[in-house]
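Here the structure is laid out as structure tokens; the discussion comes afterwards.
We name chains A, B, ... by the order of the sequence lines, and we start the count at 1 in each one. Heavy-atom basis, side chains included; hydrogens, waters and symmetry copies ignored.
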There are 2 protein chains.
Amino acid sequence: MAKRKSEFGLKRPFHELGESMFLPHLSVDCVIFGFHEGSLKVLLLQWKDGPWCLPGGFVKHEESIDRSAIRILKERTGLDAIFLKQFHTFGDPDREKGKRFKKGWISKRFVTVGYYALVEYSKVFPQPDQLSSACVWWDVQSIPDLIYDHKQIVALALNTLRLSLNDHPVGYNLLPSKFTMPELLRLYETILGQELDRRNFQKRMLSLDILIKLNERKTGGAHKAPFLYRFDKKKYDRAMKQGLNQSW
Amino acid sequence: MAKRKSEFGLKRPFHELGESMFLPHLSVDCVIFGFHEGSLKVLLLQWKDGPWCLPGGFVKHEESIDRSAIRILKERTGLDAIFLKQFHTFGDPDREKGKRFKKGWISKRFVTVGYYALVEYSKVFPQPDQLSSACVWWDVQSIPDLIYDHKQIVALALNTLRLSLNDHPVGYNLLPSKFTMPELLRLYETILGQELDRRNFQKRMLSLDILIKLNERKTGGAHKAPFLYRFDKKKYDRAMKQGLNQSW
DNA sequence: GGTTCAATGTGTATAGGATACACAATAATA
DNA sequence: TATTATTGTGTATCCTATACACATTGAACC
């Protein structure tokens, strides 16, 4: 991976630079989901003075908000071809309760556009930004206190992800290219927060006709070796266009 | 209805006033849906110099974006307790192709938050704003050219509405309090853009257990008088909380 | 090497909802 | 009063979702 180049010139303080580079009052925050060892993770940043927050950033004057989100994601994860979707814009004037910045551009009110991303855990090499001391995965079950309304942003992202299962087979973005049926099952169970019958789950998944069963098994586990599967990209894309679960 | 009070002092030109009152670079646009005589309508404004656009406005410094949308809707329709939902934020730097304003605040790039509203057609008395000569309902099937990306905004709103049918019985907001089953059917058919079997439709609607069949019929039509129904608010709210169509 | 254990692979029986379609009833019109 | 188009209501069938059973197998333990 190429060495990440800082966005900032470093000569002038952050709150001055922002003013000339970015749109005022507008930010982008990303809820980046990964899946590892049977649990759903979110990538969080820790500021140098302690509190945790979502990876986020600002919108350049000539940049689309989608592009901003892509850029932010690239900076934190090193990935660029990933699933990224805007899900809500947060515009309460009190949303940034407890803001520390007291002067300049950054001390003002910000409306933030929330995106959620689905990334393959193993391909991510978390990168803190220059304001942060850490960038690490947290289990969604045990997220620490977050600044501002970021906890609500995560909650809404998670809910959106949950709902999207109905028309979007999420595994394609969160799992490695080869995966087993139990792994896919585990993913769905953690996102939904409930157990599913593995036999009926398998039937339903296969009936979507977007999976290819490989002639390999995943060995090394303590028990019977499960078959590996991969997504059939063509059929997957076709299914996505139509929507999986059009109940009307 | 109380006479609408203008938002603006009228002494200074619009593009100067905005700067002090509103957040820069940020706007709100509303896609207001109504249903009348068997077809789905959208409320559009016509500028004094010709082109059509969505009703929209800006965000006051101490106002949430939701509040802005509510205010805009109130100004154009006179309604305040209505279904209003944010559905997408549009942030392409080129989205305002052909902008006429050449100076000041309003000539700058704007990111706009899109809301869609569902209102009862008969209760709306469309009000143009001071920049507009007309505020009228248009059939969604035959919308005129709109400025900027407003046509795409309408398209996405319509699509969102369509998808929301799965977990949200839209009739509650778009129809008068008493309505017939054929009217509800017609509404669904126009939103979906396809015919439905009226008998199966009725069974499905009744099975949701949110409708109350009244002991009245709607007379005046040329044929057999259909029964009137109304929503059971309590059961409706309860069903909304759970989600209607939780397929997982 | 044989046994045990826990997980996977595969099948079947049943219930319930979705779909297709049939026929009687009725309000206005001629 | 007959006609017509629409509404009210029911049924038969298909398909999917769900519940559950049993054989298979890789690793670990003796």
Atom pair distance, as rounded to whole Å: CG in A:Asn200 and C1' in C:dT10: 12 Å
Which residues share a ring pair (Phe, Tyr, Trp, His ring centres under 6.0 Å) with B:Tyr121, sequence neighbours left out: B:His36, B:Trp137
Proximal nucleotide (of D:dT7, C:dA20, C:dT8) relative to the A:Pro182 side chain: C:dT8
Any N/O donor-acceptor pair, B:Lys218 side-chain to D:dT6 base, under 3.5 Å: no
Check against side-chain hydrogen bond (donor to acceptor under 3.5 Å, both in side chains), B:Thr112 and B:Asp29: CA-CA 7 Å; B:Thr112 198; B:Asp29 284 301; 2.7 Å; yes
Within 45° cone of B:Tyr116 ring axis and under 6.0 Å: B:Lys85 NZ or CZ: no
Interatomic distance where CD belongs to B:Gln202 and P belongs to C:dC21 [whole Å]: 19 Å
Atom pair distance, as rounded to whole Å: CG in A:Leu185 and P in C:dA7: 13 Å
Donor-acceptor pair under 3.5 Å, A:Arg199 side chain vs D:dA21 base: yes
Side-chain donor/acceptor contact of A:Lys213 with base of C:dT8 under 3.5 Å: no
Rounded distance (Å) that lies between atom C1' of D:dT9 and atom CE of B:Met181: 12 Å
Side-chain-base donor-acceptor pair under 3.5 Å for A:Arg198 and C:dG9: yes
Spacing between A:Asp197 atom CG and C:dT12 atom P, to the nearest angstrom: 17 Å
Closest-nucleotide 5' rank along DNA chain C - winner of B:Ala225 and A:Glu183: A:Glu183
Touch class at under 4.0 angstrom, heavy-atom based, for A:Ala222 against every strand present: base
Separation of C:dA7 P from A:Phe227 CZ (nearest whole Å): 19 Å
Along DNA chain D (nearest heavy atom to each residue), the more 5'-positioned of A:Gly220 and B:His223: B:His223
Length of the CZ-C1' vector between A:Phe201 and D:dT18, whole Å: 15 Å
Selected nucleotide, minimal atom distance to B:Lys203 side chain, candidates D:dA27, C:dT12, D:dT11: D:dT11
Short N-O contact, A:Arg199 and A:Asp197, less than 4.0 angstrom: yes
Salt bridge B:Glu120-B:Lys123, side-chain N to carboxylate O under 4.0 Å: yes
Length of the line joining B:Leu196:CG and D:dT7:P, which is rounded to integer Å: 14 Å
